[in-house]
Trainee: 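Attaching a single structure in structure tokens format; questions to follow.
Numbering of ligands and ligand atoms starts at 1, following listing order.
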Amino acid sequence: MFRYFTAGESHGPELTGIAEGIPAGLPLTEEFIEEHLVRRQQGYGRGGRMAFEKDRAEIRSGVRFGLTTGAPISLSMINRAYEKDDSNWPKVMAKDGERGDVERITLPRPGHADLVGVQKYGFDDIRPVIERSSARETAMRVACCSVARRFLQELGIRIGGHVIQIGSVGYGSWEEVRSAADTIAESSEGAENVWRTADKSDVRCLDGTLSEQMREEIKKRRKEGTSLGGIYEILVTGVPAGLGSYVHWDRKLDGLLAQAIMGTQAMKGIEIGLGFESGRRQGHDVHDEIAYADHHFTRKTNRLGGLEGGVTTGMPLIIRGVMKPIPTMIKPLKTADIDTKEELDTRYERSDVCALPRAVVVAESVIAPVIANAILEKFGGDSMDEIKDRYPSR
Ligand SMILES: Cc1cc2nc3c(=O)[nH]c(=O)nc-3n(C[C@H](O)[C@H](O)[C@H](O)COP(=O)(O)O)c2cc1C
């Protein structure tokens with residue numbers, strides 16, 4: 001089975017990842033991983049004057065002559081800012097020696113992991129919490145998950161996300177989103193066409209008018225010194241019927257997708273298909289009628305988002321996630337100093353105003369291992385050839 005680990009701090013020397021459980025014989029390049037890493041860095045709503053080096057993950061093991069060997073794949077992402085001659089980070093993040101004059105951070109930001117991290121580990125400094133809870137970690141997560149994404153691609157499964165709501169601006173109904181996204185996903189590229197189309201907008205929205213309004217909304221909230229979250233949708237096409245389980249609670253595919261999304265920084269909810277809207281509708285406006293065409297069963301609609309009984313129906317998966325507004329904001333909130341217990345204003349650090357367009361790439365990525373594992377469970381083998389032999393042709 002596929003699993004992955006990430007290690008490293010935001011301002012440490014590097015992020016490290018291990019992606020493990022991918023069969024031998026999968027074509028994998030650093031360029032494939034880099035494409036999604038760079039996408040994760042792009043999007044309207046980034047903090048002002050932020051200049052970024054392109055993230056690049058170096059493959060250090062598990063790949064030979066462009067093909068996976070079946071061995072664990074280790075990935076390394078060097079932090080160039082740490083390495084610069086005038087960088088203070090080696091001192092702040094030193095693994096040995098004394099603290100010396102390195103400043104302690106004592107003002108926790110509401111909504112971030114700052115205070116709970118200090119309470120959990122007994123630190124007298126928020127720095128180690130920030131270093132690990134920050135979304136910088138998602139760069140390595142995207143890299144590791146891109147390995148699973150490449151595996152799915154080989155089997156014709158494509159994942160693509162788009163933004164449907166930022167703050168108060170968004171589509172009016174489920175049907176409006178369907179007419180914006182579904183025909184795009186029906187192309188030969190499947191859901192890959194969804195992200196490629198959405199990526200043409202810097203807020204990753206498929207609708208031009210809404211994109212403009214979303215940009216205005218972000219601009220307005222930036223001026224006010226606050227932040228924004230929103231809702232995105234991920235489509236997965238080319239998924240065969242029968243992945244997941246209605247028998248075991250812990251193998252129900254919707255449950256596993258929820259874990260992957262909710263395990264991502266700032267995610268506060270997930271819906272499959274109509275999700276919460278299904279609770280407001282009658283049965284006939286929720287359940288998808290079954291039909292038979294071209295030698296396979298299909299559904300006339302896909303309001304349940306490609307899952308019944310925790311098992312894929314063969315229709316595209318439709319997954320929605322909600323991201324809360326970013327906790328670091330220009331206009332302060334009240335907080336209490338962890339040393340003095342004095343009530344003070346939070347201090348502003350460089351931060352995004354709305355990271356949702358970037359978070360879509362993270363969400364696309366984290367669901368790839370879930371689907372890859374459901375496939376490995378059903379059609380698993382040690383090599384791609386073995387898996388392809390067992391995999392159903394559609
Ligand atoms: C792609 C992405 C970018 C983020 N950027 C920021 C940021 O610039 N500033 C910030 O305070 N939080 C940012 N966050 C959110 C925090 O990482 C998150 O709120 C924090 O780790 C607390 O975890 P929780 O929100 O899951 O409770 C970002 C999250 C994601 C997914």
Trainee: With sequence neighbours excluded, what pairs up with Thr209 under the side-chain contact (heavy atoms from CB on, under 4.5 Å) test?
Mentor: Asp207, Gln213
Trainee: Would you kindly say whether Arg80 and Ser87 are connected by a side-chain donor-acceptor distance under 3.5 Å?
Mentor: no
Trainee: Run the numbers for me: atoms of ligand 1, each under 4.0 Å from some heavy atom of Ser133, listed by number.
Mentor: 17 (O), 21 (O)
Trainee: Would you call the rings of Phe297 and Tyr292 parallel, tilted or perpendicular, where under 30° means parallel and over 60° means perpendicular?
Mentor: perpendicular
Trainee: Just jot down the ligand 1 atoms closer than 4.0 angstrom to any heavy atom of Asp352, in number order.
Mentor: 8 (O)
Trainee: Under 4.0 Å from any heavy atom of Pro327, which atoms of ligand 1 are there?
Mentor: 10 (C), 11 (O), 12 (N), 19 (O)
Trainee: Would Arg358 count as being in polar contact with ligand 1, using the rule that some N or O on each side must be under 3.5 angstrom apart?
Mentor: no
Trainee: Identify which one of Ile319, Asn302, Ile184, Asp182 satisfies the side chain to side chain contact (heavy atoms under 4.5 Å, CB included) criterion when paired with Leu235.
Mentor: Asp182
Trainee: Within the structure, is a non-hydrogen atom of Met323 found at a distance of less than 4.0 Å from ligand 1?
Mentor: yes
Trainee: In this structure, does ligand 1 have an atom that sits under 4.0 Å from one of the heavy atoms of Met329?
Mentor: no
Trainee: Would you tell me which option among Thr328, Thr138, Ile130 has the nearest heavy-atom contact to atom 10 (C) of ligand 1?
Mentor: Thr328
Trainee: Heavy-atom count check: over 12 atoms from other residues, nucleotides or ligands less than 6.0 Å from Tyr246 OH?
Mentor: no
Trainee: Are more than 12 heavy atoms from other residues, nucleotides or ligands located less than 6.0 Å from atom CZ of Arg60?
Mentor: no
Trainee: Quick one: does Ala266 get an N or O within less than 3.5 Å of an N or O on ligand 1?
Mentor: yes
